[in-house]
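When reading the values below, keep in mind they use all heavy atoms of this one structure, side chains included, and skip hydrogens, waters and symmetry mates. Because the structure is predicted, anything quoted here is derived from the model rather than measured. Lettering of chains follows the sequences in order, A, B, ..., and the numbering in each one begins at 1.
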Amino acid sequence: VIGLPFDLALAAVEDTEKAIMDFTGGKKPETGKITLTAPEIAENGNTVPVSISVDSAMSGDDMVDSVIIFAEGNPNPQVATFRFSELSGSAEATTRMRLAKTQNVIAVAKMKDGSVFIDKKQVKVTIGGCGG
Amino acid sequence: MANPKPRIKIPKTASAGEVITIKTLISHEMESGQRKDKDGNPIPRQIINKFTCAFNGTTVFECDLDPAISANPYFEFNAKVPESGSFKFTWVDDDGSVYESEQAIEVK
């Protein structure tokens, strides 16, 4: 994926925006509630830690339904979808992802009441993780 | 893929209603479908596409994985422990294989 043509890279950003709208049901997500944590610089794009945390009591009406993660500069922007429950205790999760190049990583949370929240971080990648 | 080995880190005991942290890792190449072999032919995708954790039959946490998840998928998440019982972890492979592991926890 080295030397991805510019228009293709732009298409991936548009794909991400469309996928976010699919996830939120057309609602524009607000900032707040969700925190995305990822390193500023990832030396190895093959394994980049990423954490999400949503401010929620995880009981009654104050529940997180799901959180989706996108890497808008990857060949396929979707990374993972987490679904939480009352037994989750808190809406937090960590995993490791591949990043093809320096790009924005985006997390969107959907609450049980239908409200949606977004956070975004740029990760600089030294060695891309989709090589072949 | 031959018997990927799940590794799970979970406390053996908890107090009732405590929120614990669970860490899981499973050995798997997570072939993304983006790579080519040395002759330039694409290598077909084969990943674990779903991970679930349930406690005494009730879902705690689920994840849909895309090819952007790193090899040997790692998850760290929390779970509330209402009573003694067992956590069941399930990984579903693209080829239909299901890898499972179970861990008991005692409420003191």
side-chain contact (heavy atoms from CB on, under 4.5 Å), that's the test. Do B:Lys23 and A:Thr94 meet it? Break it down for me.
CA-CA 9 Å; B:Lys23 296 175 183 179; A:Thr94 297; over 6 Å; no
Is there side-chain contact between B:Met30 and A:Arg98, with heavy atoms separated by less than 4.5 Å?
yes
Does [X], at its [atom1] atom, have more than 12 non-hydrogen atoms belonging to other residues, nucleotides or ligands within less than 6.0 Å?
{"X": "B:Arg45", "atom1": "CZ", "value": "yes"}
{"X": "A:Glu43", "atom1": "CD", "value": "no"}
{"X": "B:Lys88", "atom1": "NZ", "value": "no"}
{"X": "A:Asp113", "atom1": "CG", "value": "yes"}

By a 4.5 Å heavy-atom criterion (distance strictly below it), what part of [X] contacts chain A: side chain, backbone, both, or neither?
{"X": "B:Ala54", "result": "neither"}
{"X": "B:Leu25", "result": "side chain"}
{"X": "B:Ile69", "result": "both"}

Is it true that [X] and [Y] fall in one hydrophobic cluster, defined by side-chain heavy atoms closer than 4.5 Å?
{"X": "A:Leu87", "Y": "A:Val54", "value": "yes"}
{"X": "A:Ile52", "Y": "A:Ile68", "value": "no"}
{"X": "A:Val108", "Y": "B:Phe61", "value": "no"}
{"X": "A:Phe70", "Y": "A:Met21", "value": "no"}
{"X": "A:Val64", "Y": "A:Val116", "value": "no"}

Please give me the minimum heavy-atom distance between [X] and [Y], naming the atom from each residue.
{"X": "A:Thr47", "Y": "B:Ser70", "result": "CA-OG, 3.3 Å"}
{"X": "B:Ala68", "Y": "A:Gln78", "result": "CB-O, 3.9 Å"}
{"X": "A:Ala80", "Y": "B:Asp66", "result": "N-OD2, 3.7 Å"}

Side-chain donor or acceptor of [X] paired with backbone N/O of [Y] under 3.5 Å:
{"X": "A:Ser88", "Y": "B:Ala79", "value": "no"}
{"X": "A:Thr81", "Y": "B:Cys63", "value": "no"}
{"X": "A:Thr95", "Y": "B:Phe75", "value": "no"}

Chain B heavy atoms under 4.5 Å from A:Val67: which part of the residue, side chain, backbone, both or neither?
neither
Let me see the working for A:Glu92 and B:Thr21 under side-chain contact (heavy atoms from CB on, under 4.5 Å), right down to the final yes or no.
CA-CA 10 Å; A:Glu92 288 171 54; B:Thr21 299; over 6 Å; no
Measure the OG1-CZ distance between B:Thr59 and A:Phe84 for me, rounded to the nearest 0.5 Å.
13.5 Å
With rounding to the nearest 0.5 Å, note down the distance linking CG in B:Asp64 to CZ in A:Arg83.
4.0 Å
